[in-house]
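Order of the sequence lines fixes the chain letters, A, B, ..., with proteins taken first and strands second; residue numbering starts at 1 for each chain.
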Amino acid sequence: MSAKTKKQPRPKARLPRGFTDRTAADIRATDEMMGRIRAVFERYGFDPVETPAFEYTDALGKFLPDQDRPNEGVFSLQDDDEQWMSLRYDLTAPLARHVAQNINRIALPYRTYRAGWVFRNEKPGPGRFRQFMQFDADTVGAPGVQADAEMAMMMADTMEALGIKRGDYVIRVNNRKVLDGVMEAIGLGGEDNAGRRLTVLRAIDKLDRLGIEGVRELLGEGRCDESGDFTPGAGLDRKQIDRILSIIAAARIHKEPDGSKKSQNTVDFLLERFSDTKLGLEGLRELGAIGALVEASDYASDRIIVDPSVVRGLEYYTGPVYEAELLFDVVNEKGETVQFGSVGGGGRYDGLVKRFTGQDVPATGFSIGVSRLMSALKNLGKLGTDEVVAPVLVTVMDGDTEALGRYQQMTQKLREAGIRAEMYQGNWKKFGNQLRYADRRGCPIAIIQGSDERAAGKIQIKDMIEGRKEAAAIESNEEYRAARPGQIEIDQDDLVAEVMKLLAAQAGG
RNA sequence: GCGGGCGUAGCUCAGUUGGUUAGAGCGCUGGAUUGUGGCUCCAGAGGUCGGUGGUUCGAAUCCACCCGCUCGUACCA
């Protein structure tokens, strides 16, 4: 036996991990969601703009393309001119590139939105994919906190446009300057401590999952998880830890529902204790201004609140940061309760355009995790309830060209009347298979015309839904096959009218 | 990265103390029941037993290493 006759191994039908196929229901649900989000953004006066999935790697971030791969975390490849290109990992960095490149043509402040797939080359997990969709809005060239306040309000409106009730979500607002100020005050300022500051921020970011005690461990010596793995901490002493914990606890202290003053109370509380650095004071004043702005439009207390524990994407944010959080529990397919937490967030990134142009172009924006939010909404029953009706199936009794032409003509007539319709394309010789197909596909109606009906100028139309009910009572096979449940005979000239009538009756009942 | 669990047909799994051509159910395809969804019956396709090396007369089974999946943890501009 030569190698030629040896069977070649077949490729395995499998997806790269962290990627997923989208079903018809997912696609339709996403389209519906995106339509609602878009309507809100348009109403706020934002215009769409789109950038491609690939960017030159240096435009995305901070990398040196002189290694085998520019950076973990992004998918990169080398173009035929040996330049490194990467798939975008968010929509903000490409927007900064677009604005920098077209700065002379764009009227600032530039209010813009876009949706698109982003890619992260990271280890995936449940609900975490390596390709997912984001929907972003940004205001570029707006230095004032009113732009940040408006973003938070638009996020709130978007949540409600998606059917999430007030009280089922909250927009939390913080300011990076506040935490930076505190860290400066406890001796973590300066270049030397950049690494420790990052460790501190990461520890705070885990508050939701690990609780206050877990964060305390991570701020100190470190934490040992249940698998025995040890995470080194920031190595702060007790006084420093208490100082940081007291600020992130401030939001909880002011959780009593005493109405619209909540955010102002939090800010006042923080001003009393944490205004010992210039940076921190500036941050708190900005937070106070945002609180006053959202309160003026009546978004305070139950929709947008100040919360000093919000950290967000650490690298490029320079001022206010905000995060949309779902407050209800979601039960997944396995019946487990999942806390969805953050479904979107953003903040001010004053330095991103400057990377390209050297000029200050302050900007603020946010991103909605469409895929994540969709699975939450799906579980909540807010989407996919009104299903698309499957097509009417025109069955095939005779497979010669002339007969096929007649069936095709019926199908076209239905389509011309605006009815979803298809002619059976499988093995027509097994009529049972045709109805089985119609059944599984969820077809509402099957159209049947054999030689008997044709000779009489008739057509049988079968109500698949009614037929299923009637068939359930039948036991013997002979009877079952003879019964033709749910079926009526009509004049073939009345096909379209009768189908429309039946569809309307099904939709009504 | 680190730690735990798991790899046999498209899916869910069985496979004796190591023993001959590796099985089942579901699904798929074709057929029977005059031209009707469920039911029943017949037939068929589908497997480098995750990979490589070793022990052995003989390995899906035992050993080593590797790979993959999965859960936790870390990372996530």
Completion exercise
From CD1 of Ile448(A) across to C1' of U34(B) the rounded distance in Å is 15 Å

Exercise for the section: Once you apply the 3.5 Å cut-off to both distances, tell me the Watson-Crick or G-U wobble partner of G7(B), or none. Expected result: C67(B)

Practice task
Assign the ring pair Phe119(A) / Phe19(A) to parallel, tilted or perpendicular, where the plane angle (0 to 90°) is split at 30° and 60°.
Solution key: tilted

Practice task
Assign each of Ser476(A) and Ser451(A) to its nearest nucleotide of RNA chain B by heavy atoms, then name whichever residue's nucleotide is nearer the 5' end.
Solution key: Ser451(A)

Problem - Residue mapping more 5' on RNA chain B - nearest nucleotide basis, Gly467(A) or Arg120(A) - result: Gly467(A)

Exercise for the section: Give Lys206(A) one of three labels, base, sugar-phosphate or nothing, depending on what nucleic acid heavy atoms sit under 4.0 Å from its own. Expected result: sugar-phosphate

Problem - N-O pairing of Asp138(A) and Arg114(A) below 4.0 Å - result: yes

Practice task
Select base, sugar-phosphate, or nothing to describe what Arg436(A) touches, counting heavy atoms under 4.0 Å on all strands.
Solution key: sugar-phosphate

Exercise for the section: Pick base, sugar-phosphate or nothing for Gln434(A), based on heavy-atom distances below 4.0 Å to the nucleic acid. Expected result: nothing

Practice task
Ignoring backbone atoms, establish whether Arg17(A) has a side-chain N or O less than 4.0 Å from OP1 or OP2 of C69(B).
Solution key: yes

Practice task
In plain terms, say whether Glu286(A) and Arg348(A) are close enough for a salt bridge, that is, a side-chain N and a carboxylate O under 4.0 Å apart.
Solution key: no

Problem - base_contact_polar (U33(B) base, Glu478(A) side chain, donor-acceptor, <3.5 Å) - result: no

Exercise for the section: Please check the phosphate of U40(B) (OP1 and OP2 only) for any side-chain N or O of Arg481(A) closer than 4.0 Å. Expected result: no

Exercise for the section: Identify which one of Val118(A), Val74(A), Asn121(A) satisfies the side-chain contact (heavy atoms from CB on, under 4.5 Å) criterion when paired with Tyr89(A). Expected result: Val74(A)

Exercise for the section: Quickly work out the Asp463(A) CG to U36(B) C1' distance and round it to whole Å. Expected result: 14 Å

Practice task
Quickly work out the Glu479(A) CD to U40(B) P distance and round it to whole Å.
Solution key: 18 Å

Exercise for the section: Determine, for Lys458(A) against Glu489(A), whether the closest basic-nitrogen to carboxylate-oxygen distance falls under 4.0 angstrom. Expected result: no

Exercise for the section: Just call it for Asn427(A): base, sugar-phosphate, or nothing, with non-hydrogen atoms closer than 4.0 Å on any strand. Expected result: sugar-phosphate

Fill in the blank from the handout: note: Met464(A), atom CE; U36(B), atom P; distance rounded to Å ~ 13 Å

Exercise for the section: Spell out yes or no: do the side chain of Lys123(A) and the base of U73(B) have one donor N/O and one acceptor N/O closer than 3.5 Å? Expected result: yes

Practice task
For Lys354(A) and Val361(A), indicate whether the former's side chain and the latter's backbone hold a donor-acceptor pair under 3.5 Å.
Solution key: no

Problem - Separation between the C1' atoms of U12(B) and U8(B), rounded to whole Å - result: 12 Å

Practice task
Could you state the atom-to-atom distance from CZ of Arg440(A) to C1' of U36(B) in whole Å?
Solution key: 15 Å

Exercise for the section: Return no unless some side-chain N or O of Lys462(A) is found under 4.0 Å from OP1 or OP2 of G35(B). Expected result: no

Exercise for the section: Could you let me know what A32(B) is paired to, Watson-Crick or G-U wobble, both distances under 3.5 Å, or none if it's on its own? Expected result: U40(B)

Handout entry: Donor-acceptor pair under 3.5 Å, Glu453(A) side chain vs G35(B) base
Key = yes

Handout entry: Pair of N/O donor and acceptor under 3.5 Å linking G37(B) base with Lys430(A) side chain
Key = no

Exercise for the section: Using a 4.0 Å heavy-atom cut-off across all strands, classify Arg468(A) as base, sugar-phosphate, or nothing. Expected result: base

